[in-house]
Amino acid sequence: MKKIILLAAALVGIAGAQAQTTVQGSKATDNWSFTLKGGAVAPFQDYSVVKNARGIFGAELRKQVTPVLGLGLEGEWTVNTSSWLDPRTPSWGVHSNTIIDHQFAGGFAAFNLSNLFGGYKGTPRTLEFEAVAGAGWLHGYKQHEASDDYNSWYTKYGMNINFNLGESKAWTVALKPAVLWDMNNGAKNDVVRYNAHNAALELQVGLTYHFGNSNGEHYMTLCPYKYSQADIDELNGQVNNLRNQLNQKDADLNACKDRSAQLARDLEACKAQKNKVVKVVENTETESLETNVFFKVGKSVVAREQMPNVERVATFLKNHKNATVVIKGYASPEGPQDLNMKLANNRATEVKNLLVNKYKIAASRINAQGQGIGNMFSEPDWNRVSVCTIDKNEK
């Protein structure tokens with residue numbers, strides 16, 4: 001018996017290792033099945049097994065824990081159709097007038113040998129073999145008063161030869177040979193032992209229905225991905241790196257916002273500056289006026305807030321009939337060179353067109369020139385500008 005217990009422990013250990021297989025459909029409510037079974041049972045040591053065989057029927061409720069290990073409960077009843085008068089087997093050779101002369105109730109463990117040694121492929125095989133071990137309560141009915149009935153306990157070892165049917169594998173037909181021992185010799189012996197005189201052979205056929213699982217199937221399916229610890233560590237490292245990058249992006253964004261706010265303040269301060277008149281030649285009455293028209297990135301259209309600067313130039317030209325203006329357009333350094341040259345020219349031309357079309361200044365008094373990349377301001381964004389320089393030309 002010790003060897004059998006050690007063998008069962010080894011099978012449980014191997015089944016536990018197989019539980020590492022990553023499967024879907026393994027919730028507590030998954031992988032339940034119900035079996036109806038029936039066949040014949042006869043004394044193990046009997047020269048007329050067929051003659052002394054009697055009917056047996058039962059049911060099983062089972063939970064498949066892993067692709068290898070299944071645990072279940074069973075109940076069986078033997079039909080009183082023969083006497084089994086062998087005096088050497090008192091637990092089996094008892095006359096009874098009842099239809100049912102023995103009943104069994106217990107638990108069992110089933111080990112799928114096909115999956116254990118061949119690996120689980122994600123769907124049950126058409127033909128599979130299982131080793132089964134069980135134990136439980138045995139009750140025998142005697143001929144006379146109910147007090148003559150006896151209780152004992154049994155152990156069972158057998159094999160399931162399973163045929164899984166259909167594409168969905170929802171049904172299984174199984175051939176179930178097994179050997180069952182009355183461990184207390186019909187409650188007449190206090191010594192627990194395996195004795196062939198108190199054993200019986202079972203041969204049953206079972207029909208099993210596998211209930212539907214949460215994965216949509218009637219069986220466990222393999223997960224599409226299986227990660228090792230090294231894979232998990234690598235993924236965690238990537239996640240942490242991305243988090244660090246995200247945190248840095250937030251800091252960069254805040255810095256950009258601060259810079260944008262400072263540029264806006266500087267721009268407003270620049271707009272608020274008064275136009276200045278600079279004496280070009282000392283001791284003469286020749287004077288010049290300079291004003292700036294700033295543009296948005298990639299644009300050559302004068303924004304609404306820049307129109308007062310254009311109007312200042314127009315007002316000065318109207319008040320000084322001999323004055324002329326030179327408009328130099330610039331672009332900031334970012335972007336392709338050819339595009340910047342075009343933007344610089346368009347910005348100078350745009351200011352000239354406004355002076356001619358909106359304020360009716362003669363085109364002959366305006367010289368518009370594209371100068372390309374500007375570098376007169378320390379902030380690159382400020383170099384998106386048209387610089388208007390007016391010569392008064394009055395002596």
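Throughout, numbering of the chain's residues begins at 1 and tracks the sequence. All figures in this text were calculated on a predicted structure; none of them were measured in a lab.
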_Residue that, paired with Thr172, satisfies side-chain hydrogen bond (donor to acceptor under 3.5 Å, both in side chains) out of His218, His210, Glu128_ = His210
*Please check if any side-chain donor atom of Thr208 sits under 3.5 Å from a side-chain acceptor atom of Thr35, or the reverse.*
yes
*Check whether any side-chain N or O of Arg347 sits under 3.5 Å from a backbone N or O of Lys299 as a donor-acceptor pair, and report yes or no.*
yes
*Might you point out which heavy atoms bring Ser300 and Phe295 nearest each other, and give the distance in Å?*
O-CE2, 3.5 Å
*For Asn164 and Arg125, indicate whether the former's side chain and the latter's backbone hold a donor-acceptor pair under 3.5 Å.*
yes
*Would you give the length of the straight line joining atom CD of Glu74 to atom NZ of Lys37, rounded to the nearest 0.5 angstrom?*
4.0 Å
_We want to know whether Trp181 and Asn198 form a side-chain donor-acceptor pair, criterion being a heavy-atom distance below 3.5 angstrom._
no
*Sub-3.5 Å donor-acceptor pair from the side chain of Ser152 to the main-chain atoms of Asp182, do we have one?*
no
*Any side-chain donor-acceptor pair under 3.5 Å between Gln262 and Arg259?*
no
*Check whether any side-chain heavy atom of Pro67 lies under 4.5 Å from a side-chain heavy atom of Asn112, and answer yes or no.*
no
_Below 30° counts as parallel, above 60° as perpendicular, anything between as tilted: where do the rings of His102 and Phe104 land?_
parallel
*Compute whether any side-chain donor of one residue and acceptor of the other, for Arg365 and Asn322, lie under 3.5 angstrom apart.*
no
*Between Arg62 and Glu130, is there a side-chain N and carboxylate O pair less than 4.0 Å apart?*
yes
*Are Thr324 and Asp391 linked by a side-chain donor-acceptor pair shorter than 3.5 Å?*
no
*Please test Lys318 against Glu311 for salt bridge (charged side-chain N to carboxylate O under 4.0 Å, His left out), starting from the C-alpha separation and ending with a verdict.*
CA-CA 10 Å; Lys318 288 180 179 180; Glu311 189 165 322; over 6 Å; no
*asked:* Taking the side chain as everything from C-beta on, heavy atoms only, tell me whether Asn162 gets closer than 4.5 Å to Phe129.
replied: no
_Sub-4.5 Å side-chain heavy-atom contact between Phe111 and Leu116_ = no
_When you compare the side chains of Tyr219 and Gln64, does any donor N or O come within less than 3.5 Å of an acceptor on the partner?_
no
*asked:* Using the side chain to side chain contact (heavy atoms under 4.5 Å, CB included) definition, which of the options Glu60, Lys156, Gln103 pairs with Glu76?
replied: Lys156
*Minimum heavy-atom separation for Ala314 to Tyr359, with atom names?*
CB-CG, 3.4 Å
*What heavy-atom pair brings Ala131 and Leu113 nearest, and what distance separates the two atoms?*
N-CG, 4.0 Å
*asked:* Using every non-hydrogen atom in the two residues, find where Gly329 and Ser386 come nearest and quote the distance to one decimal.
replied: CA-OG, 4.0 Å
*Which atom of Tyr194 lies closest to which atom of Thr155, heavy atoms considered*: CE2-OG1, 3.1 Å
*Between Phe316 and His320, what is the ring plane arrangement, given parallel below 30°, perpendicular above 60°, and tilted in between?*
parallel
_Distance in Å, Leu354 CG paired with Ile361 CD1, rounded so as to fall on 0.5 Å steps_ = 11.5 Å
*Under 3.5 Å, is there a donor-acceptor pair between the Gln306 and Asn309 side chains?*
yes
*If only atom types and distance count, is the side chain of Asn319 paired as donor or acceptor with the main-chain N or O of Thr315 below 3.5 Å?*
yes
*Would you tell me whether Asp30 and Ser214 have side-chain atoms, one donor and one acceptor, within less than 3.5 Å of each other?*
yes
*Nearest 0.5 Å please: distance from the CG atom of Asn80 over to the CD1 atom of Ile100.*
8.5 Å
*Does any N or O in the side chain of Asn213 come within less than 3.5 Å of the main-chain N or O of Asn215, such that one atom is a donor and the other an acceptor?*
no
*State, with a plain yes or no, whether a side-chain heavy atom of Arg384 is found less than 4.5 Å away from one of Glu334.*
yes
